[in-house]
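I have placed the structure first, in the form of structure tokens, so that the comments after it can refer back to it.
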Amino acid sequence: MKPVIIKQSRGLGDILFCQKIAHQFIQKGHPVIWPVFDPYYHIKEYLTGPLFVSEDVDFPFKQHYGACGYGQQMDTEECTVICLDGASSPGLGTMRSKYKLVDIDYRDWDDFLNIKRNKEREQQLIDRLNLPEKFILVNKYFGTPPMCLSVNERVAPVTDLPIVQLDLTLGRPFDWMGVFERAAEIHSVETAFCYIIQAMKRTEKVFIYPRWLNADDTRVDFDYCRDYFKREWTFYGEQIHL
């Protein structure tokens with residue numbers, strides 16, 4: 001079977017959400033190569049299935065990878081390139097459109113996101129944070145660091161418990177899984193960490209905030225993501241005063 005090259009190198013949440021696509025092709029017998037933004041190259045240590053490579057180095061069929069346009073598929077004699085990046089179908093939103101491009105159902109995406117945890121790195125982070133017995137974890141950051149990092153300062157729950165702020169400089173995103181397990185509540189802007197938390201099957205005391213809080217931003221109602229996150233989570237939209 002011809003190799004399949006997935007073109008979705010950035011947006012850690014996008015990469016995690018689309019792992020089912022890679023696994024579906026693998027189950028059909030296709031080798032899958034997934035180039036990623038170099039700061040994400042460590043993902044190869046945590047996810048199984050596709051062959052993750054840095055897009056900054058030479059890898060098989062790179063010439064075809066570079067020639068495939070946004071939201072397109074390209075079939076050559078040597079391989080098939082699927083550019084999930086830029087996929088767009090009317091009424092589906094960005095993430096669902098990626099699955100529409102390859103005609104795969106997205107709704108059980110988290111069943112295909114099997115993370116190999118590094119308990120040693122998780123414990124090192126826990127020790128460094130010196131966590132209290134009971135605390136609330138807050139993440140207000142979103143984007144693709146270091147090139148694009150934004151913050152929603154209004155992710156600020158009112159509580160008597162100590163608040164631990166997620167700090168992207170302290171470890172890899174997957175290293176925070178041990179902290180997620182211990183947190184009494186998790187308050188996070190909608191970002192890649194939400195996909196990791198979902199993969200952990202955590203259903204209780206998770207509160208999700210919009211990336212933007214402008215009144216004219218249509219994303220604050222969470223229509224673009226509510227059905228692929230846990231229905232037990234609490235979503236703060238424009239109808240709720242923060």
Side-chain angles (χ1 to χ4, degrees), residues 1-89 92-104 106 109-118 121 141-150 168 171-176 191-196 198-199 228:
M1 302 287 279
K2 285 195 300 186
V4 171
I5 321 298
I6 303 291
K7 195 171 185 179
Q8 177 72 66
S9 65
R10 305 194 183 198
L12 180 58
D14 301 59
I15 294 170
L16 298 178
F17 181 68
C18 291
Q19 287 307 294
K20 178 182 177 180
I21 295 174
H23 282 272
Q24 292 287 79
F25 281 104
I26 291 170
Q27 289 174 7
K28 294 178 181 178
H30 298 274
V32 173
I33 301 173
W34 197 312
V36 294
F37 182 42
D38 194 65
Y40 291 159
Y41 186 44
H42 64 265
I43 201 173
K44 65 184 176 64
E45 300 176 23
Y46 298 89
L47 301 182
T48 59
L51 172 64
F52 291 102
V53 297
S54 170
E55 67 174 356
D56 291 345
V57 302
D58 287 333
F59 54 84
F61 317 112
K62 188 171 184 177
Q63 71 277 18
H64 302 308
Y65 173 85
C68 188
Y70 287 121
Q72 303 295 317
Q73 295 191 56
M74 185 174 71
D75 204 31
T76 74
E77 292 184 358
E78 298 177 297
C79 67
T80 298
V81 183
I82 300 173
C83 185
L84 302 177
D85 196 7
S88 180
S89 295
L92 290 183
T94 299
M95 298 297 239
R96 299 184 197 93
S97 293
K98 299 177 190 298
Y99 277 83
K100 179 66 173 178
L101 179 65
V102 290
D103 196 26
I104 294 175
Y106 66 88
W109 66 270
D110 52 324
D111 290 340
F112 295 82
L113 181 56
N114 300 312
I115 300 172
K116 296 187 300 179
R117 297 176 61 171
N118 187 325
R121 289 183 63 94
Y141 296 102
F142 61 97
T144 300
M147 300 178 64
C148 177
L149 185 62
S150 301
L168 296 174
R172 298 168 177 172
F174 302 103
D175 297 341
W176 287 87
T191 188
F193 289 103
C194 299
Y195 298 89
I196 295 174
Q198 171 117 345
Y228 54 75

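These numbers come from the heavy atoms of this one structure, side chains and all, not from hydrogens, waters or symmetry mates.
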With the side chain counted from C-beta on, respond yes when [X] and [Y] share a heavy-atom pair under 4.5 Å apart, and no when they do not.
X: Phe61; Y: Val81; answer: no
X: Cys18; Y: Tyr99; answer: yes
X: Phe25; Y: Ile82; answer: yes
X: Tyr106; Y: Lys98; answer: no
X: Ser54; Y: Lys44; answer: no
X: Tyr65; Y: Lys7; answer: yes
X: Ile43; Y: Leu12; answer: yes
X: Arg121; Y: Phe174; answer: no

To the nearest 0.5 Å, how far apart are [atom1] in [X] and [atom2] in [Y]?
X: Phe37; Y: Asp56; atom1: CZ; atom2: CG; answer: 7.5 Å
X: Leu47; Y: His42; atom1: CG; atom2: NE2; answer: 9.0 Å
X: Thr80; Y: Gln73; atom1: OG1; atom2: CD; answer: 8.0 Å
X: Asp110; Y: Leu16; atom1: CG; atom2: CG; answer: 11.5 Å
X: Thr94; Y: Leu84; atom1: OG1; atom2: CG; answer: 12.0 Å
X: Phe142; Y: Ser150; atom1: CZ; atom2: OG; answer: 4.0 Å

**Report entry** Stepwise ring-ring contact (aromatic ring centres under 6.0 Å, His included) check, Phe52 with Tyr40
**Finding:** CA-CA 10 Å; Phe52 291 102; Tyr40 291 159; over 10 Å; no

Report task. May I have the step-by-step check of side-chain contact (heavy atoms from CB on, under 4.5 Å) for Trp34 and Gln19, ending in yes or no? Result -> CA-CA 10 Å; Trp34 197 312; Gln19 287 307 294; 3.4 Å; yes

Minimum-distance pair of heavy atoms, taken over all atoms of [X] and [Y]:
X: Ile5; Y: Pro60; answer: CD1-O, 4.4 Å
X: Gln27; Y: Phe112; answer: NE2-CE2, 3.8 Å
X: His64; Y: Thr76; answer: ND1-CG2, 3.8 Å
X: Met74; Y: Ala67; answer: CE-CB, 4.1 Å
X: Ile104; Y: Ile21; answer: CD1-CA, 4.2 Å
X: Ile26; Y: Gly49; answer: CD1-C, 3.3 Å

Is it true that a side-chain atom of [X] and a backbone atom of [Y] form a donor plus acceptor pair closer than 3.5 Å?
X: Glu55; Y: Val57; answer: no
X: Ser97; Y: Ser89; answer: yes
X: His23; Y: Thr48; answer: yes
X: Trp176; Y: Leu168; answer: no

Report task. Sorted by first residue and then second, give each salt bridge (charged side-chain N to carboxylate O under 4.0 Å, His left out) pair with at least one member in residues 26-35; sequence neighbours left out. Result ->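 Residue pairs with at least one partner in residues 26-35: there are none.
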
Query - Worked check of side-chain contact (heavy atoms from CB on, under 4.5 Å) between Ile33 and Val4 - result: CA-CA 6 Å; Ile33 301 173; Val4 171; over 6 Å; no

Requested in this report: Under the side-chain contact (heavy atoms from CB on, under 4.5 Å) rule, what do Asp58 and Val53 come out as? Steps first, then yes or no, please.
Outcome: CA-CA 9 Å; Asp58 287 333; Val53 297; over 6 Å; no

Requested in this report: Just jot down the salt bridge (Lys or Arg N to Asp or Glu O under 4.0 Å) partners of Asp85, sequence neighbours excluded, or say none.
Outcome: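 If we apply the salt bridge (Lys or Arg N to Asp or Glu O under 4.0 Å) test to Asp85, skipping adjacent residues, there are no hits.
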
Report task. Give a yes or no on whether Lys62 atom NZ has more than 12 heavy-atom contacts from other residues, nucleotides or ligands under 6.0 Å away. Result ->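 Enclosed: over 12 neighbouring heavy atoms sit under 6.0 Å from NZ of Lys62.
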
Report task. Report the C-alpha separation of Arg172 and Tyr46 in whole Å, then their side-chain angles, then the decisive distance to 0.1 Å, and conclude whether the side-chain contact (heavy atoms from CB on, under 4.5 Å) test is met. Result -> CA-CA 11 Å; Arg172 298 168 177 172; Tyr46 298 89; 3.2 Å; yes

**Report entry** Donor-acceptor pair between Tyr195 and Asp14 side chains, under 3.5 angstrom
**Finding:**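 There is no such pair between these side chains.
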
Query raised in the report: Mind checking whether Phe193 and Tyr141 have ring centres under 6.0 Å apart?
Result: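 Distance test on ring centres: not under 6.0 Å, no.
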
